[in-house]
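Here is the structure we will look at, set down as structure tokens.
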Protein chains: 2
Amino acid sequence: MTQIKRQPNPKNCGEAKVIPLTLNSLKVACSQCNLQELCLPLGLSETELGRVDTLVGARRKVKRGQHLYRAGDPFEAIYAVKTGFFKTDVLLEDGRDQVTGFQMAGELLGMDGISVEAHTCNAVALEDSEVCLIPYEQLEELSSEIRTLQRHFHKVMSREIVRDHGVMMLLGTMRAEERLAAFLLNLSQRFMARGYSSAEFHLRMTREEIGSYLGLKLETVSRAFSHFQEAGLIAVQQKHIRILDATALKQLLNRQPI
Amino acid sequence: MTQIKRQPNPKNCGEAKVIPLTLNSLKVACSQCNLQELCLPLGLSETELGRVDTLVGARRKVKRGQHLYRAGDPFEAIYAVKTGFFKTDVLLEDGRDQVTGFQMAGELLGMDGISVEAHTCNAVALEDSEVCLIPYEQLEELSSEIRTLQRHFHKVMSREIVRDHGVMMLLGTMRAEERLAAFLLNLSQRFMARGYSSAEFHLRMTREEIGSYLGLKLETVSRAFSHFQEAGLIAVQQKHIRILDATALKQLLNRQPI
DNA sequence: AAGTCACTTTGACCCAGATCAAACGACAGC
DNA sequence: GCTGTCGTTTGATCTGGGTCAAAGTGACTT
């Protein structure tokens with residue numbers, strides 16, 4: 001039951017607290033977690049799951065606006081979102097930045113850090129959140145013993161690569177409204193997979209963050225929302241979204257630009 | 001010394017031949033390969049390297065224009081480029097496609113296939129090429145025994161994720177000439193790492209393929225090349241590129257757009 | 001209750017890059 | 001050598017989305 005040492009942090013603000021593992025918190029470790037079908041332990045047997053419980057060492061609360069990790073932080077663990085919502089972003093030297101993804105419950109964060117043993121992007125909570133720490137050293141150890149875990153971890157990383165290809169596609173070939181439609185449908189589908197409504201949800205991110213992710217300016221995102229609303233595809237009120245015509249949204253994607 | 005079964009292929013054209021492992025081909029397995037410092041076996045000991053030799057089962061020649069694999073093909077192996085040059089691309093239902101990457105000697109191909117046990121993109125040789133087959137089942141097996149190999153494989157996948165983030169950045173925030181400058185500098189650096197000139201090289205891909213990768217139209221790519229040439233940054237003659245002022249190219253990237 | 005602040009919407013205008021079109025160059029096959 | 005094909009360059013024009021600006025909308029503070 002290893003607890004990851006907190007990284008030393010010059011400024012003492014904006015950082016999250018590690019919750020040491022107690023009998024109480026163990027109750028929500030993987031074998032009892034209702035996210036297990038979406039998360040790392042997918043497909044493990046009862047006994048294997050028991051061993052993964054010993055891997056997931058501690059949980060950590062991250063308040064809205066706080067960083068889970070920052071680019072440059074030493075890489076020690078990957079994180080599974082237990083509750084809440086995160087964004088990851090990359091920062092260029094010249095100040096430009098881009099949101100590379102949004103993560104919700106059951107999704108993993110931090111795999112970018114393995115390559116150079118340091119995180120290469122920032123992870124910020126968009127609402128009060130809680131994550132499970134998965135110390136990487138131990139994950140390696142356990143996954144060399146449990147083949148299913150190794151296989152599944154590889155799949156998770158591979159899925160991340162495939163997801164990134166999808167974003168590249170979106171950024172490289174789609175027009176503004178297609179990008180937003182794809183984004184909404186993707187969110188909708190992920191909320192559904194978690195048992196929430198696929199038709200009605202609350203955006204945790206600002207128009208600017210959506211724009212950054214989609215390679216658009218916030219005004220363009222706002223205009224696209226308004227246009228979708230006028231066309232009767234969705235109902236928007238600030239961050240509250242209701243999808244009225246999912247089929248039409250999907251058709252927007254399959255339309256040839258020429 | 002396993003040989004991967006060739007996938008059944010309806011059309012018998014455009015597919016590559018598997019070369020069974022012979023005593024002769026063994027001479028160029030990993031332990032004797034001058035690419036080992038760029039490829040999968042990086043950082044392995046002598047004895048570990050010997051075991052990896054038994055993993056890399058066969059090589060396969062792929063002629064220019066042929067597919068190494070296609071989206072939808074069952075995933076059985078990843079590939080290391082031995083010689084030559086590849087592109088990978090994704091195809092959307094509506095016919096739009098995008099190049100997601102270019103791969104040269106020492107680089108790995110096919111990790112996108114792990115996630116759903118089928119390839120999710122196409123890999124096409126841009127010149128006559130040869131790849132080493134790394135059967136995935138055996139890679140899993142061996143990497144659970146050799147910790148260094150496991151670690152290194154994770155790093156390779158993680159590096160792919162980080163690379164994709166770089167492309168997302170490029171597509172989401174950079175202007176046409178910045179994208180092309182970034183592309184040229186990246187190629188230059190990769191040629192250098194392989195012992196070729198970083199200042200002078202031959203593009204294996206068309207303007208259209210560059211454009212697809214960079215989210216631009218081929219005309220825009222061509223115009224950017226011409227503009228770089230007028231500005232004395234490079235000399236272009238068809239696919240032959242000479243970088244005259246790498247510093248200026250780098251400065252193009254660090255310039256604030258506002 | 002009023003003020004502040006962060007986010008969003010909407011309008012007017014502009015420009016980078018797309019589109020359309022035509023000419024040009026390189027190379028393979030006959 | 002000629003010819004067809006494919007890729008590239010260059011010009012002219014158009015437009016989607018960026019930019020700039022101002023007003024609107026909550027939500028939180030005092």
I want to verify a distance call: between [options], whose nearest atom is closest to the [X] side chain?
{"X": "A:Thr220", "options": "C:dT9, D:dG17, D:dT9", "answer": "D:dG17"}
{"X": "A:Leu218", "options": "C:dG17, D:dG18, C:dT9", "answer": "C:dT9"}
{"X": "A:Gln238", "options": "C:dT8, C:dA16, D:dG18", "answer": "C:dT8"}

Please state whether the phosphate of [N], meaning OP1 or OP2, lies under 4.0 angstrom from any side-chain nitrogen or oxygen of [X].
{"X": "A:Ser222", "N": "C:dT8", "result": "no"}
{"X": "B:Lys217", "N": "C:dC20", "result": "no"}
{"X": "A:Arg207", "N": "C:dT8", "result": "yes"}
{"X": "A:Thr206", "N": "C:dA6", "result": "no"}

Can a donor-acceptor pair under 3.5 Å be found between the side-chain atoms of A:Glu219 and the base atoms of D:dC20?
yes
Does any N or O donor sit under 3.5 Å from an N or O acceptor when you compare the side chain of A:Arg223 with the base of C:dG11?
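Side chain to base: pair present.
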[X] side chain to [Y] side chain, donor-acceptor N/O pair below 3.5 angstrom:
{"X": "B:Gln189", "Y": "B:Ser198", "answer": "no"}
{"X": "B:His165", "Y": "A:Gln98", "answer": "no"}
{"X": "B:Thr83", "Y": "B:Ser129", "answer": "no"}

Which whole-number value in Å describes the distance from [X] [atom1] to [N] [atom2]?
{"X": "B:Phe225", "N": "D:dT10", "atom1": "CZ", "atom2": "P", "answer": "13 Å"}
{"X": "B:His240", "N": "C:dC27", "atom1": "NE2", "atom2": "P", "answer": "13 Å"}
{"X": "B:Lys239", "N": "D:dC6", "atom1": "NZ", "atom2": "P", "answer": "13 Å"}
{"X": "B:Leu126", "N": "D:dG7", "atom1": "CG", "atom2": "P", "answer": "12 Å"}
{"X": "A:Arg179", "N": "D:dG16", "atom1": "CZ", "atom2": "C1'", "answer": "11 Å"}
{"X": "A:Arg175", "N": "C:dA16", "atom1": "CZ", "atom2": "P", "answer": "20 Å"}
{"X": "B:Gln237", "N": "C:dC24", "atom1": "CD", "atom2": "P", "answer": "18 Å"}
{"X": "B:Leu203", "N": "C:dA26", "atom1": "CG", "atom2": "P", "answer": "16 Å"}

Aromatic contact, B:Tyr213 with B:Phe102 (centres under 6.0 Å)
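Centroid distance B:Tyr213-B:Phe102: below 6.0 Å, so yes.
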Using a heavy-atom cut-off of under 4.0 Å over every strand shown, decide if A:Gly215 touches base, sugar-phosphate, or nothing.
sugar-phosphate
Which of these, A:Arg64, A:Lys63, A:Arg204, sits in a salt bridge (Lys or Arg N to Asp or Glu O under 4.0 Å) with A:Asp128?
A:Lys63
